[in-house]
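In what follows, a structure is listed as structure tokens, so that the remarks can point back to it.
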Amino acid sequence: MNNLTRPDSCLPETSKSVLARALMSEDYIDVQQWQKYIEQEIGFVLPDVQLQWLTNAINQTASLHGLSITKLWDQLPNNSAIRQRLLDKVLIHESRFFRHMPSIDFVIKCALEHQQLLIDIHTDRVSNELFRIWSVGCACGQEAWSLAMSLASEQLTNYSILGTDVSQQAIAKARLGRYDSRQQLLIPQRYQQFIRPSSTKITTDTLNSTDSAMIRINTESQWQVAPALQQHVDFALHNVIEQQPPTSHLQHVIICQNMLLYFRKFDQRDILTRLSEQCVLGGYIILAPGEALFWRPSNMRRIAHPQVNVWQKISA
């Protein structure tokens with residue numbers, strides 16, 4: 001790791017030597033250098049208020065692999081497992097069930113219209129064409145499962161939901177579809193039919209004792225998404241700043257909410273351009289309210305909606 005060069009001409013000799021030892025230490029963290037690395041890898045611009053979070057993530061990753069900070073830095077270009085572990089530690093997997101109901105209601109409306117269109121076209125039978133939804137930056141999957149519950153409550157079955165995130169840890173949890181009781185409180189009563197109790201989470205720690213082992217049991221109650229929904233939902237590891245999309249299928253709805261704010265404006269434009277390329281003609285991109293209001297694409301038009309920041313693709 002390159003050491004920082006700092007003006008120290010005004011420092012007393014004792015302070016200079018302390019500073020020099022710190023800069024040469026294998027456990028010294030040049031936060032700005034690591035901040036730039038995260039932006040280079042995934043496009044995220046970590047605000048200053050999260051720099052302590054970044055420092056903690058670096059220290060934890062180094063400790064888990066038995067490395068100094070300098071050796072961790074040296075390992076990153078060639079060790080994808082360590083790189084992914086660092087990203088998982090840095091990213092904040094913030095999401096919740098039914099976070100923005102107006103957006104979910106808009107998706108339900110689109111899905112119902114899609115089904116009715118297929119019925120009208122094919123008279124007495126419904127086509128096998130799936131209504132495809134992509135949840136970008138899905139974190140631990142709450143948005144994807146909220147959408148699945150909402151569509152299933154309307155008796156819809158011809159849909160497919162893809163959730164993607166750059167965090168491998170978040171994607172693993174999303175695939176399990178298993179959450180604690182606090183998350184259950186966020187699910188409206190009419191959707192509670194789509195959850196099932198799961199086995200009690202048991203954590204066992206065995207400690208040496210002269211008489212017997214001491215066992216600690218954590219009885220945190222958990223539940224999981226009903227198996228009937230799992231056939232409609234898939235999750236994939238994907239870095240949104242990459243050119244390659246996570247799937248070859250074009251999407252009827254792409255939801256990307258509360259994620260763009262972590263990117264620079266020029267990166268936001270590039271991401272939105274790629275998302276529009278993955279949208280079917282007539283399909284929609286839903287952003288968080290107030291997000292990317294500078295965007296003026298020629299192939300998309302903003303829909304007038306009082307609560308949803310939604311854009312429709314009008315040309316290829």
Side-chain angles (χ1 to χ4, degrees), residues 42-45 95 98-118 120-121 127 129-139 143-144 146-148 150-151 156 158-166 233-236 238-316:
I42 59 175
F44 271 40
V45 181
S95 187
F98 297 92
R99 177 172 54 183
H100 191 239
M101 279 305 304
S103 294
I104 292 176
D105 290 339
F106 185 87
V107 176
I108 294 173
K109 176 177 175 289
C110 293
L112 290 170
E113 289 175 352
H114 175 80
Q115 177 173 268
Q116 187 58 52
L117 177 63
L118 294 178
D120 292 343
I121 292 174
S127 168
E129 181 186 353
L130 295 176
F131 183 78
R132 296 186 181 277
I133 305 168
W134 177 12
S135 171
V136 184
C138 69
E143 181 175 77
S146 297
L147 290 164
S150 301
L151 296 174
L156 293 170
N158 63 327
Y159 67 91
S160 175
I161 300 172
L162 173 65
T164 65
D165 201 277
V166 73
V233 183
D234 194 15
F235 295 95
H238 181 252
N239 189 345
V240 75
I241 67 171
E242 293 178 353
Q243 297 287 338
Q244 189 68 23
T247 175
S248 60
H249 296 292
L250 296 183
Q251 308 293 310
H252 295 89
V253 175
I254 298 175
I255 303 183
C256 179
Q257 295 186 317
N258 301 308
M259 189 192 73
L260 291 176
L261 57 92
Y262 288 100
F263 294 86
R264 299 191 189 278
K265 186 174 288 188
F266 59 83
D267 283 329
Q268 292 183 35
R269 287 194 181 97
D270 290 343
I271 291 169
L272 289 167
T273 296
R274 287 194 287 272
L275 294 184
S276 68
E277 292 170 354
Q278 286 301 111
C279 198
V280 301
L281 188 62
Y284 300 92
I285 294 177
I286 300 176
L287 307 176
E291 204 168 34
L293 296 181
F294 63 85
W295 195 36
R296 295 292 184 273
S298 59
N299 65 336
M300 308 284 295
R301 70 180 177 95
R302 192 176 183 194
I303 303 297
H305 194 289
Q307 295 175 291
V308 183
N309 183 4
V310 56
W311 300 74
Q312 185 176 32
K313 187 168 183 176
I314 56 175
S315 65

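Taking NZ of K313 as the start and CD1 of I285 as the end, the distance is 8.0 Å to the nearest 0.5 Å. Interatomic distance, CD of Q268 versus CH2 of W295, reported as 11.5 Å (0.5 Å rounding). Here the CZ atom belonging to R274 is positioned 12.0 Å from the CD1 atom belonging to I254, to the nearest 0.5 angstrom. Note that the CG atom of L112 and the CD atom of Q115 stand 7.0 Å from one another [nearest 0.5 Å]. How far NE2 of H249 is from CZ of R132: 4.0 Å, rounded to the nearest 0.5 Å. With rounding to the nearest 0.5 angstrom, the CD atom of E143 is 5.5 Å from the CG atom of L147.
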For the pair M259 and V240, evaluate side chain to side chain contact (heavy atoms under 4.5 Å, CB included) and give the outcome as yes or no after the intermediate values. CA-CA 10 Å; M259 189 192 73; V240 75; 3.9 Å; yes
Working for side chain to side chain contact (heavy atoms under 4.5 Å, CB included), residues L287 and L260: CA-CA 9 Å; L287 307 176; L260 291 176; 4.1 Å; yes
Could you walk me through whether Q307 and M101 pass the side chain to side chain contact (heavy atoms under 4.5 Å, CB included) check? CA-CA 10 Å; Q307 295 175 291; M101 279 305 304; over 6 Å; no
Intermediate values then yes/no, side chain to side chain contact (heavy atoms under 4.5 Å, CB included), S160 and F131: CA-CA 6 Å; S160 175; F131 183 78; over 6 Å; no
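Closest of all the heavy-atom pairs between P289 and N309 is CA-CB, 4.1 Å. For the pair I161 and A148, the tightest heavy-atom approach, listed with the atom from each and the gap, is CD1-N, 3.5 Å. For the pair T247 and Q251, the tightest heavy-atom approach, listed with the atom from each and the gap, is CG2-NE2, 3.6 Å. For the residue pair Q312 and G282, the shortest heavy atom distance occurs at NE2-O, 3.1 Å. Pairing each heavy atom of G43 with each of I241, the nearest pair is N-CD1, 3.6 Å. Closest of all the heavy-atom pairs between A144 and S135 is N-OG, 4.4 Å.
No side-chain heavy atom of W311 sits less than 4.5 Å from a side-chain heavy atom of I303. Looking only at side-chain heavy atoms (C-beta outward), V107 and I255 come within less than 4.5 Å of each other. Looking at heavy atoms from C-beta onward, E129 lies in side-chain contact with L118 at the 4.5 angstrom threshold. When side chains are defined from C-beta on, I286 does not count as touching C256, because their heavy atoms never get closer than 4.5 Å. Side-chain contact between F294 and R269: present, with at least one pair of heavy atoms (C-beta onward) separated by less than 4.5 Å. With contacts defined as side-chain heavy-atom distances shorter than 4.5 Å, the pair F263/I271 qualifies.
Using the six-membered ring where Trp is involved, W134 and H238 have ring planes that are perpendicular, over 60° apart on the 30 and 60° scheme. Note: F106 and Y284 have perpendicular aromatic rings, judged against thresholds of 30 and 60 degrees for the angle between ring planes.
Of the possible polar contacts, one joining the D165 side chain to the A139 backbone as a donor-acceptor pair under 3.5 Å is found. Without hydrogens or angle criteria, E291 side chain to N258 main chain gives a donor-acceptor distance under 3.5 Å.
A donor-acceptor contact closer than 3.5 angstrom links the side chains of Q257 and S103.
A search for salt bridge (Lys or Arg N to Asp or Glu O under 4.0 Å) contacts involving R301 returns nothing, not counting sequence neighbours.
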